[in-house]
A.B. asks: 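The structure under discussion is supplied below as structure tokens; questions concerning it will follow.
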Amino acid sequence: MSASRYALVDGNNFYASCERVFRPSLEQQPLIVLSNNDGCAIARSNEAKELGIKMGAPWHTIKHLEREAGLVALSANFTLYGDISDRMMSLVSGFGHRQEIYSIDESFVDLTGIRGDLVARGQKLRQRVLQWLGIPICIGIGPTKTLAKLANHVAKDAERKRGSYPAEHAQVCDLTAVPAPALDALLMVTPAREVWGVGPRISDQLHNLGVFTVKDLRDMNPATVRSRWSVTLERTVRELQGVDCIDFDDAPAAKQEIACTRSFGGSVLEMEELAEAISAFAARVAEKLRLQGSHAGELLTFIRTSPFRQGAQYSRSAIMPMIPSTADTALLTKAALVSLRTIYRTGFKYAKAGVMALSLSPADQGQGELPFGVTPAGAKSELRAGLMATMDRVNDRYGRGSLHIARNESAAPTRQWSMKQERRTPHYTTDWQSIPLARA
DNA sequence: TCTGGGGTCCTAGGACCC
DNA sequence: TCTGGGGTCCTAGGACCC
């Protein structure tokens, strides 16, 4: 049995790279992709990073760079990114035996037992993805997932920041092929906060103990780390030491929670306006539940003011038990609206709201035991499930919200609830037929 | 004026039980 | 004065990830 070996493959500046596939004119330009409501930057091209734009930077604080530095800002198009992601993942899956899709732009690949020059193989994969999809990727290889993530960081910085690491590690970095003294040298010039699982809080606490670099962290005593912090950080330290502790998860379990939440463009004061939003969120949650084949046992609804703004703060949530558990749009919407009525207070400027499905169970598990007096699911609910499936197909085909259940509690025609009147770029759906497979 | 939208896991402490 | 102890389940909150 050979020692474990993993690759972490991810797309560089993924959302920005996706936009460039369709607008080659944006190549070389500083480019950012903005969150919902064009609130803040969620992806940056290398040129934008060089302008000093930070991840999550509020748009209003960097807008001046449009004029001053030719910065281009686009509204996010998550449908497009999802489609490109699917293609990228299937190309990358051929790199090893198993693949764990970790996020929209990252996957782990199990390389255990694969012989040969992995850096050369990695470069080949990189060329292939670049040619076929137009997306640049970086690959990190290590004996544990944590070290593969670290290798990926090295591969990126070696390419983007000249002199930060030896140039040979650019784009594809295989830490399993680096001799121990050279590995120590790499870990010594890398801050501990770059490690997967070390966030700002823990990084600060490590600083206070004189732990600054990845090498410092690797050389800590796992037992000390466990007592001072948690088993999670202990696992991270062991992984840095080359001990494989984090399972490879190539068959992800069903989600335990499903949420739909949004910040509003401006302040929302009225119950009616919140109700429109909450209805839309509940409908989307119901769709996602059906997509993964789950029922919700509870539904949480929340509304809150903005902690970034002056003025009275208010944040409240309510959990509604769903008996029996369900993925029915009408039932979930009704529950969310009832919750909203109990938590709503007048006089606050609401900035965010959301709906979350909790206590999920498989839809095919039946309804479970019903409390005395509750009518068992019957023909009526089967009819409803069929209706839901039809709605999902129509909405998938013609766009979200094409078909929805009318709220019967207000006689007035419902205004289509929207995030913002104007967007920087219009939304469009992807038609793969129109996308060239290879860029000549 | 203007600050994303999803998720996961761990821990501490309270409730409850025998 | 002195007032058990251990197990389990649940929840809230913290920390992390992209």
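The chains referred to below are lettered A, B, ... by the order of the sequence lines, with proteins before strands, and numbering in each begins at 1.
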A.B. asks: Going 5' to 3' along DNA chain C, between which two nucleotides do contacts with chain A fall, using a heavy-atom cut-off of 4.0 Å?
C.D. replies: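 Contacts span C:dA15 to C:dC18, reading 5' to 3'.
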A.B. asks: Counting only heavy atoms and a strict 4.0 angstrom limit, can you tell me which residues of residues 197-208 of chain A come near DNA chain C?
C.D. replies: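 Within residues 197-208 of chain A, the residues near DNA chain C are A:Gly197, A:Val198, A:Gly199, A:Pro200, A:Arg201, A:Ile202.
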A.B. asks: Grab the two heavy atoms, one from A:Leu71 and one from A:Glu66, that are nearest each other, plus how far apart they are.
C.D. replies: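 Looking at all heavy atoms of both residues, the closest pair is O-CG, 3.4 Å.
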A.B. asks: Want to settle it: does A:His60 or A:Ala259 sit nearer the 5' end of DNA chain B, counting the closest nucleotide to each?
C.D. replies: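 That would be A:His60.
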A.B. asks: Taking all non-hydrogen atoms of both residues into account, name the closest pair between A:Ile42 and A:Ser35 and its distance.
C.D. replies: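 Answer, listing the atom of A:Ile42 first, then A:Ser35: CG2-CB, 3.8 Å.
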A.B. asks: Using 30° and 60° as the class limits, which term best fits the ring planes of A:Tyr6 and A:Phe248: parallel, tilted or perpendicular?
C.D. replies: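 Parallel, since the angle between the ring planes stays under 30°.
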A.B. asks: By the salt bridge (Lys or Arg N to Asp or Glu O under 4.0 Å) test, which pairs, at least two apart or in different chains, include something from residues 48-59 of chain A?
C.D. replies: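 Sorted result for residues 48-59 of chain A: empty, none.
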A.B. asks: Under a 4.0 Å heavy-atom cut-off, which of residues 299-315 of chain A touch DNA chain C?
C.D. replies: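 Nucleic-acid contacts, sorted: none.
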A.B. asks: List the atom pairs, with distances to 0.1 Å, where a side-chain N or O of residues 187-202 of chain A and a protein N or O form a donor-acceptor pair under 3.5 Å, not counting sequence neighbours.
C.D. replies:
unit_1, atom_1, unit_2, atom_2, d
A:Thr190, OG1, A:Tyr165, OH, 2.7
A:Thr190, OG1, A:Leu186, O, 2.8
A:Trp196, NE1, A:Tyr102, OH, 3.2

A.B. asks: Return the residues of residues 213-240 of chain A meeting this criterion: a heavy atom under 4.0 Å from some atom of DNA chain B. Order them by number, or give none.
C.D. replies: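 Listed by number, they are A:Ser230, A:Val231, A:Thr232, A:Arg235.
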A.B. asks: Which pairs count as ring pair (Phe, Tyr, Trp, His ring centres under 6.0 Å) when at least one residue sits in residues 302-344 of chain A, sequence neighbours excluded?
C.D. replies: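 Residue pairs passing ring pair (Phe, Tyr, Trp, His ring centres under 6.0 Å), neighbours aside: A:Tyr314-A:Phe348, A:Tyr344-A:Tyr350.
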A.B. asks: Give me the one residue out of A:Asn152, A:Ile141, A:Ile137 that meets side chain to side chain contact (heavy atoms under 4.5 Å, CB included) with A:Val9.
C.D. replies: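 Per the side chain to side chain contact (heavy atoms under 4.5 Å, CB included) rule, the option paired with A:Val9 is A:Ile137, out of A:Asn152, A:Ile141, A:Ile137.
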A.B. asks: For A:Arg290 and A:Thr329, does a side-chain donor sit closer than 3.5 Å to a side-chain acceptor?
C.D. replies: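 The criterion, which ignores hydrogens and geometry beyond distance, is satisfied for A:Thr329 and A:Arg290.
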A.B. asks: How close do A:Ala76 and A:Tyr81 get, heavy atom to heavy atom, and via which atoms?
C.D. replies: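 Looks like CA-OH, 3.6 Å.
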A.B. asks: Have a look at A:Lys54 and say if it touches a base, only the backbone sugar-phosphate, or nothing, with a 4.0 Å heavy-atom cut-off.
C.D. replies: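 It contacts nothing in the nucleic acid.
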A.B. asks: What residues form a ring pair (Phe, Tyr, Trp, His ring centres under 6.0 Å) with A:His207, not counting sequence neighbours?
C.D. replies: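 Per chain and number, A:His207 pairs via ring pair (Phe, Tyr, Trp, His ring centres under 6.0 Å) with A:Phe212.
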A.B. asks: Would you mind classifying the nucleic acid contact of A:Val285 as base, sugar-phosphate or nothing, using non-hydrogen atoms under 4.0 angstrom?
C.D. replies: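 Nothing, no heavy atom under 4.0 Å.
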A.B. asks: What heavy-atom pair brings A:Arg126 and A:Pro136 nearest, and what distance separates the two atoms?
C.D. replies: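 Looking at all heavy atoms of both residues, the shortest contact is NH2-CB, 3.8 Å.
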A.B. asks: Reading 5' to 3' and counting Watson-Crick or G-U wobble pairs with both distances under 3.5 Å, write the dot-bracket notation for DNA chain C, | for bases paired outside the strand.
C.D. replies: ....||||||||||||||
A.B. asks: Under a 3.5 Å threshold, yes or no: a donor from one side chain and an acceptor from the other, between A:Ser45 and A:Asn13?
C.D. replies: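 Checked: A:Ser45/A:Asn13 side chains show no N/O donor-acceptor pair below 3.5 Å.
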A.B. asks: Identify, residue by residue, the members of residues 147-156 of chain A with a heavy atom below 4.0 Å from DNA chain C, and return them in order of residue number, or none.
C.D. replies: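 Residues of residues 147-156 of chain A that come under 4.0 Å of DNA chain C are, in numerical order, A:Lys149.
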A.B. asks: Between A:Glu47 and A:Arg20, is the salt bridge (Lys or Arg N to Asp or Glu O under 4.0 Å) condition met? List the steps.
C.D. replies: CA-CA 13 Å; A:Glu47 298 78 8; A:Arg20 280 179 171 171; 2.9 Å; yes
A.B. asks: When you compare the side chains of A:Asp244 and A:Ser4, does any donor N or O come within less than 3.5 Å of an acceptor on the partner?
C.D. replies: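 A pair is found: one side chain offers a donor N or O, the other an acceptor, under 3.5 Å apart.
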A.B. asks: Please name all residues satisfying side chain to side chain donor-acceptor pair (under 3.5 Å) with A:Arg226, sequence neighbours left out, ordered by chain then number.
C.D. replies: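 For A:Arg226, the residues satisfying side chain to side chain donor-acceptor pair (under 3.5 Å) (neighbours in sequence not counted) are A:Glu234.
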A.B. asks: Using a 4.0 Å heavy-atom cut-off, does A:Ile258 contact any base of the nucleic acid, only the sugar-phosphate backbone, or nothing at all?
C.D. replies: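 Sugar-phosphate, no base atom in range.
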A.B. asks: Which whole number of Å gives the distance between the C1' atom of C:dG4 and that of B:dC16?
C.D. replies: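 That atom pair is separated by 16 Å.
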A.B. asks: Could you pull out the closest heavy-atom pair between A:Lys255 and A:Leu360, with the gap in Å?
C.D. replies: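 A:Lys255 and A:Leu360 have their closest heavy atoms at O-CD1, 3.3 Å.
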A.B. asks: Taking only residues two or more places apart in sequence, or in another chain, which ones meet A:Gln292 in a side chain to side chain donor-acceptor pair (under 3.5 Å)?
C.D. replies: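 A:Gln292 satisfies side chain to side chain donor-acceptor pair (under 3.5 Å) with A:Ser294 once adjacent residues are dropped.
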A.B. asks: Main chain of A:Leu91, side chain of A:Arg128: is a donor-acceptor contact present, judged purely on distance under 3.5 Å?
C.D. replies: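 Judged by distance alone, no pair lies under 3.5 Å.
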